[in-house]
Amino acid sequence: MATLSVKPGSRFSVPDWHTNNLLISTNAQRQQSASHQIRQEARTLRNETNNQTKWDEEDNRTRLAERIDEVENWKLVLDKCLAEVDAEIDALTLMKDEAERALQAKNVPSDVAIECLTLRESRRDIDIVKDPVEDELHKEVEMIDGVRKALQQKISEAFEQLCLLQESRQQLNWDQRCKVETLDIDRTCLSLTKNSPNISLKVDPTRVPHGSTTPQEWEQFSRYNKERADAEVRASAQLREAIALTIAQTNNELEAQRVAVEFAFRKRIHEFEKAHNELKWQEKNTKDEIEELEEDIRRLEGDLRDKSGPLKLAHTRLETRTYRPNIDLCRDQVQYGLTDEVHQLEGTIAALKQKLAQSQDALDALYKHLARIEADIKCKENSLTLDKKCVDSRRKLTLPAGQFVATVDTFNRTTNRHLSPLKSRQLELA
């Protein structure tokens, strides 16, 4: 007889079975409802995110384009500013070179003024005077020193301004190169699409790189560079005007002083020539007077010799008449007349000797004064030669360089003469 096998374990009741079926059905409906809700939300999310992604990409593309325009505008501004700075550097360099040439050109006036002062130290005796020419020459030397200092100051200022311009240019150039590199990067980013082959996921792309700046700081930096460059360009332009004004003023002052010095030279040379002519006239008159006085001295000496005979005659007559005998030794009219004649001759001789001595003294005085006149004439001639040599040397200030030829030898004080071709050839062979 067969036996009934029973599955071991607990058994559920029918209500439990119905309850389980209901629970499964209810859970299935709830899960289906939840899944449906999720599907609807997913579709909505897909639609929203797709649109958002497209709009975000388009917005960022627009932002990139605007940023490229902004950087491009600043690059153009910096390019223009760089061109202005370069032009100003060139202009200031030219003005600085002109100031240096003007400073170098002051060597000739300085050398000429010092040469004139040195030459005039060779004056002698009474001609060594502190005259207006010397005053004007010293004034010219002081003025040239002042002009040199003013020009040197402007050259130093120009050098410092060039350094500031170069520094500003370097900053602008660096900023401009950064803008160019930024434009290349942003244009590359703008050209990328989701289908580009060289795009990929990056590690932490949203990080903030070290050294990042805000847009305000970025714009402020470029604006500061531009404003600084503009300020340096304006300062340089003002400095160029000041240098040009200094060069013009100093040239006018030196030209006016040159005219004053040469006028003083001409006036002094005229005074020397006038004094020299007067001395030559006095020399002639003195020599004429000496000749006349020497002739008078010779006549006085002749008269003295001529008075010796009459005096001897009167002495002899008086002496002879002293031998008259006895009563005939009478003091008659003859005796009185001879005595008066002797006294008269002796007085005449004494007067002639006195006048001869006075004439000799006058002649000695005339010779001494003539020597003084001749010495003074030599001094005047020496001074005239020196001043004329100074005037000749000052022609360097008006003649172009290389065209000056001295008409007076500075050392030998002789006129430079042109030798004949034959003589020149003989000197060359020698």
Side-chain angles (χ1 to χ4, degrees), residues 78-118 133-176 224-265 390 393-404:
L78 294 176
D79 288 341
K80 180 181 178 183
C81 198
L82 265 175
E84 292 176 354
V85 170
D86 288 338
E88 187 60 35
I89 288 175
D90 293 339
L92 184 58
T93 301
L94 290 176
M95 185 58 67
K96 175 176 170 289
D97 293 341
E98 184 177 351
E100 289 175 347
R101 288 192 296 271
L103 178 61
Q104 183 69 23
K106 300 303 177 286
N107 291 336
V108 174
S110 177
D111 293 342
V112 168
I114 293 174
E115 179 184 357
C116 291
L117 287 171
T118 304
V133 174
E134 185 173 346
D135 294 337
E136 293 295 338
L137 283 173
H138 281 296
K139 183 179 178 182
E140 186 176 40
V141 171
E142 293 175 359
M143 184 178 293
I144 292 173
D145 290 339
V147 166
R148 280 177 165 175
K149 292 179 181 178
L151 289 174
Q152 187 60 56
Q153 177 66 24
K154 293 302 178 184
I155 291 172
S156 299
E157 292 178 4
F159 179 78
E160 294 175 359
Q161 186 62 38
L162 282 172
C163 292
L164 293 175
L165 285 171
Q166 289 288 354
E167 182 180 349
S168 177
R169 185 188 183 282
Q170 290 177 359
Q171 193 69 15
L172 283 174
N173 194 26
W174 181 78
D175 196 4
Q176 189 261 358
Y224 169 77
N225 290 334
K226 178 184 179 302
E227 291 176 352
R228 178 189 176 188
D230 291 341
E232 297 300 342
V233 168
R234 288 193 298 271
S236 178
Q238 293 175 358
L239 179 59
R240 284 192 292 110
E241 294 177 359
I243 292 174
L245 181 61
T246 300
I247 292 174
Q249 285 181 344
T250 53
N251 288 339
N252 292 336
E253 291 173 359
L254 288 181
E255 178 63 19
Q257 185 59 29
R258 181 190 68 80
V259 172
V261 171
E262 293 180 0
F263 174 77
F265 262 118
C390 292
S393 178
R394 292 185 67 83
R395 291 192 301 119
K396 298 176 186 176
L397 304 179
T398 55
L399 291 177
Q403 295 186 9
F404 172 75

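- With K149 contributing its side chain and D145 its backbone, the two residues share no donor-acceptor pair below 3.5 Å.
- A donor-acceptor pair under 3.5 Å is formed between the side chain of Q257 and the backbone N or O of E136.
- The two atoms that bring V85 and V233 nearest to each other are CG2-CG2, 3.9 Å, heavy atoms only.
- Residue A150 comes nearest to T246 through the heavy atom pair CB-CG2, 4.3 Å, listed as atom of the first residue, atom of the second, then distance.
- In this structure, the separation between SG on C116 and NE2 on H138 is 11.5 Å, given to the nearest 0.5 Å.
- With sequence neighbours excluded, the residues that form a side-chain contact (heavy atoms from CB on, under 4.5 Å) with D97 are T93, E100, R101.
- You'll find the side chain of P109 stays beyond 4.5 Å of the side chain of R258, heavy atoms only.
- Interatomic distance, CG of L137 versus CZ of F265, reported as 4.5 Å (0.5 Å rounding).
- The side-chain heavy atoms of L165 and Q161, taken from C-beta on, include a pair separated by under 4.5 Å.
- The side-chain contact (heavy atoms from CB on, under 4.5 Å) search around A158 returns L92, K96, L239, I243, not counting sequence neighbours.
- The line from CD1 of I247 to NZ of K154 is 10.5 Å long, rounded to the nearest 0.5 Å.
- We find that K139 and E142 are not joined by a salt bridge, their nearest charged nitrogen and carboxylate oxygen being 4.0 Å or further apart.
- A donor-acceptor pair under 3.5 Å is formed between the side chain of N107 and the backbone N or O of Q104.
- The CG atom of N225 sits 12.0 Å away from the CD atom of Q170 when rounded to the nearest 0.5 Å.
- In this structure, the side chain of S168 does not engage the main chain of L164 through any donor-acceptor pair within 3.5 Å.
- In terms of heavy atoms, I144 sits closest to S110 at CD1-N, 3.5 Å.
- Distance CD/Q176 to CG/L172: 9.0 Å, rounded to 0.5 Å.
- Salt bridge annotation for R169-E232: absent, with no cationic side-chain nitrogen under 4.0 angstrom from a carboxylate oxygen.
- Between D230 and R234 there is no salt bridge, since no side-chain N of the basic residue sits under 4.0 Å from a carboxylate O of the acidic one.
- Judged by distance alone, the side chains of Q171 and E167 never bring a donor and an acceptor atom under 3.5 Å apart.
- To the nearest 0.5 angstrom, M95 atom CE is 9.5 Å from S236 atom OG.
- Nearest heavy atoms, R148 versus K106: NH2-O, 3.7 Å.
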